[in-house]
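Note sheet for the following structure.
Every chain is numbered from 1, with letters handed out A, B, ... down the list of sequences. Source: prediction; values computed, not measured.
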Protein chains: 2
Amino acid sequence: MADTEMREPTLFILASLASGQKHGYAMIHDVAALSDGRVRLKVATLYAALGRLGTQGLVAPAGEESVDGRLRRYYALTEPGSEALERELQRIEANARQLRSRLQARPASMRAALGGAA
Amino acid sequence: MADTEMREPTLFILASLASGQKHGYAMIHDVAALSDGRVRLKVATLYAALGRLGTQGLVAPAGEESVDGRLRRYYALTEPGSEALERELQRIEANARQLRSRLQARPASMRAALGGAA
DNA sequence: AGAACATACTCTGTTGATCGATATATCCCG
DNA sequence: CGGGATATATCGATCAACAGAGTATGTTCT
């Protein structure tokens, strides 16, 4: 049970697998597309994460394939992985909501200076 | 500047200061309230972060006060700190949006056979 | 009075995710 | 043949978070 914060690359790896099993290199492109180019997985991060998530039971190997003499190792999201992703997503949604609400509320020094609408 | 991901405690510390200057211990309570009890700053995390954010120019010392013989060190959000917070918030809002959109999209295959518990 | 707890700041040592760099191997294009 | 894309893997460094312990003062309960 991970109550520790999941980081951006890890989150996107799980999300990438949420639309079906993929091999490592495919995730790099998928995550880049999904994030509009913002999140660029580094290979070291990716393979370290896949190993870690495998140990935690959040992803599982889903077979191998050889295409043009190149090996592809597929991974799939497990049921616990799917649940963990949903939990983490709810966490960052809560963070976004609560942090945004605080930013909307301005400090007294600024409230005095502003008319009403920004 | 900082294109590295800002972590949950750091984000909430900056947000706490966004509503006005505070001393360390007050931030712990403020962040707990703001996050509905979810984020509980550890003292080591807090003071390490304040030192770090000070070095980065995102927060600045805002005077000291002694109440009942106990020292209070106040900190304030700087202009760069405010901008960094807004940028990071936009990042996690984008993450939330993009990750959620992927989860809404139905998984291509059923994953009935996978998973741990049950 | 003594214990326990809350306030308030500080430091040390450890863990763990990310990342730069490097390595191996195959295939395609010019 | 050289360079790029595909595809996987590992090493070492970095750094935020954390557990834990320490210092000091004031309040509350028994």
- Reckon B:Tyr47 has a side-chain N or O less than 4.0 Å from the OP1 or OP2 of C:dT10? no

- State whether A:Arg91 and A:Glu86 are salt-bridged, where the test is any N-O pair (Lys NZ or Arg NE/NH1/NH2 against Asp/Glu carboxylate O) under 4.0 Å. no

- Note on the structure: The side-chain hydrogen bond (donor to acceptor under 3.5 Å, both in side chains) partners of A:Glu83 (sequence neighbours excluded) come to none

- Query: Which pairs count as ring pair (Phe, Tyr, Trp, His ring centres under 6.0 Å) when at least one residue sits in residues 49-73 of chain B, sequence neighbours excluded?
  - Reply: none

- Applying ring pair (Phe, Tyr, Trp, His ring centres under 6.0 Å), which residue pairs with at least one partner in residues 55-97 of chain A are found, sequence neighbours left out? A:His23-A:Tyr74

- OP1, OP2 of C:dA6 versus side-chain N and O of B:His29: anything below 4.0 Å? no

- Task: Using the test side-chain hydrogen bond (donor to acceptor under 3.5 Å, both in side chains), find all partners of A:Arg7 that sit at least two apart in sequence or belong to another chain.
- Result: B:Glu5

- Which heavy atom in B:Val59 sits nearest to a heavy atom in B:Leu50, and how many Å separate them? CG2-O, 3.9 Å

- Which pairs, with at least one residue in residues 53-65 of chain B and sequence neighbours excluded, count as a salt bridge (charged side-chain N to carboxylate O under 4.0 Å, His left out)? B:Glu64-B:Arg73

- Without swapping roles, check the side chain of B:Thr55 against the backbone of B:Gly51 for a donor-acceptor pair under 3.5 Å. yes

- Message: If I take atom OH in residue B:Tyr25 and atom P in nucleotide C:dA6, what distance separates them, rounded to the nearest angstrom?
- Response: 8 Å

Please table the atom pairs, donor to acceptor, closer than 3.5 Å between any side-chain atom in residues 29-44 of chain B and protein atoms at least two apart or in another chain.
residue, atom, partner, partner atom, Å
B:Asp30, OD1, A:Arg102, NH2, 3.1
B:Asp30, OD2, A:Arg102, NH1, 2.9
B:Asp30, OD2, B:Ser16, OG, 2.5
B:Ser35, OG, B:Val31, O, 2.8
B:Ser35, OG, B:Ala32, O, 3.4
B:Ser35, OG, B:Arg38, N, 3.4
B:Ser35, OG, B:Val39, N, 2.9
B:Arg38, NH1, A:Gln98, OE1, 2.5
B:Arg38, NH2, A:Asn95, OD1, 2.2
B:Arg40, NE, B:Gly37, O, 3.4
B:Lys42, NZ, B:Arg40, O, 2.8

- Does anything in residues 32-45 of chain A reach DNA chain D, meaning a heavy atom under 4.0 Å, and if so which residues? A:Val43, A:Ala44

- Under the side-chain contact (heavy atoms from CB on, under 4.5 Å) test, which residues partner A:Ala48, sequence neighbours left out? none

- Taking the side chain as every heavy atom from C-beta outward, state whether A:Leu99 and B:Glu88 have any pair of such atoms under 4.5 Å apart. no

- Query: Of B:Gly24 and B:Glu5, whose nearest nucleotide on DNA chain C comes first from the 5' end?
  - Reply: B:Gly24

- Contacts of B:Arg7 and B:Arg72 projected onto DNA chain C by closest heavy atom; the upstream (5') one is B:Arg72

- Task: Please answer whether the main-chain N or O of A:Gly57 pairs with a side-chain N or O of A:Thr78 as donor and acceptor at a distance below 3.5 Å.
- Result: yes

- So where does chain B start and stop touching DNA chain D, 5' to 3', when the test is distance under 4.0 Å to a non-hydrogen atom? D:dA16 to D:dG26

- When you measure from every atom of DNA chain D, which of residues 73-80 of chain B have a heavy atom less than 4.0 Å away? none

- Note on the structure: Picking from C:dC9, C:dA17, C:dT7, the nucleotide nearest the side-chain atoms of A:Gln56 would be C:dA17

- Message: Under 4.0 Å, heavy atom to any atom of DNA chain C: which of residues 62-71 of chain A qualify?
- Response: A:Asp68, A:Gly69, A:Arg70

- State which residues pass salt bridge (charged side-chain N to carboxylate O under 4.0 Å, His left out) with A:Arg52; sequence neighbours excluded, sorted by chain then number. none

- Item | Closest-nucleotide ordering on DNA chain D, the 5'-leading residue of B:Glu8 and A:Ala48 | A:Ala48

- Item | Atom-to-atom span, CZ of A:Arg52 to P of C:dG16 - whole angstrom | 11 Å

